[in-house]
Amino acid sequence: VPLRYVMVDTLVVAQAHRGAGVGRHLMDYAERWAKARGIDRIELNVFEFNEGARAFYENLGYTTLSRRMVKHL
């Protein structure tokens, strides 16, 4: 079954502007852009150690879909 979705690959807000709503506005725009095209799903990757980013996306309603694991040799 074909699946259409938007993938947010990288979102970075300069430290000096964090907490001012810049990231929220960018993600809101991405959601509006997707909805206007009949797409009802957005996916993104966030590093497990990046607690601030994880909290940001969770606050926007994103939930964990899968976990990617690695072993350094």
Side-chain angles (χ1 to χ4, degrees):
V1 176
L3 177 63
R4 292 183 64 207
Y5 63 95
V6 168
M7 181 67 165
V8 174
D9 184 60
T10 304
L11 176 69
V12 179
V13 175
Q15 184 71 37
H17 300 287
R18 291 183 188 166
V22 175
R24 179 177 295 277
H25 285 296
L26 290 169
M27 293 303 294
D28 285 346
Y29 182 85
E31 290 182 18
R32 289 192 311 274
W33 186 91
K35 286 179 185 177
R37 286 154 181 78
I39 300 169
D40 62 0
R41 178 176 174 150
I42 296 180
E43 292 188 14
L44 55 86
N45 290 314
V46 61
F47 285 110
E48 192 78 13
F49 65 80
N50 194 338
E51 295 177 10
R54 284 190 2 244
F56 168 75
Y57 292 120
E58 289 169 355
N59 189 294
L60 294 179
Y62 287 81
T63 59
T64 301
L65 176 65
S66 65
R67 181 180 300 242
R68 182 176 173 192
M69 300 177 75
V70 64
K71 179 179 180 179
H72 294 279
L73 304 176

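The shown structure was predicted, so the numbers you read here are calculated from the model rather than taken from an experiment.
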| query | What heavy-atom pair brings Met27 and Leu44 nearest, and what distance separates the two atoms? | reply | CE-CD2, 4.0 Å
| message | Suppose the criterion is side chain to side chain donor-acceptor pair (under 3.5 Å): which pairs have a residue in residues 28-42, not counting sequence neighbours? | response | Arg41-Glu43
| said: Nearest 0.5 angstrom please: Asp9 CG to Asn45 CG, how far? | reply: 7.5 Å
| note | Here the pair of heavy atoms bringing Val6 nearest to Ala34 is CG2-CB, 3.6 Å
| request: Please report the closest heavy-atom contact between Tyr5 and Ile39, naming both atoms and the distance. | output: CA-CG2, 3.6 Å
| request: Hey, could you give me the CZ/CD distance between Phe56 and Glu58, rounded to the nearest 0.5 Å? | output: 12.0 Å
| remark: Residues Val22 and His17: closest non-hydrogen pair is CG2-O, 4.1 Å
| Rounded distance (nearest 0.5 Å) linking atom CZ of Phe47 with atom CZ of Arg54 | 13.0 Å
| query | Would you say Tyr57 and Leu11 make side-chain contact, with heavy atoms under 4.5 Å? | reply | yes
| query | How many angstroms lie between atom CZ of Arg68 and atom CD of Glu48, to the nearest 0.5 angstrom? | reply | 13.0 Å
| Is there a side-chain contact between Arg24 and Asn59 (heavy atoms, below 4.5 Å)? | yes
| Distance-minimising heavy-atom pair for Val46 and Ala53 | CG2-CB, 3.5 Å
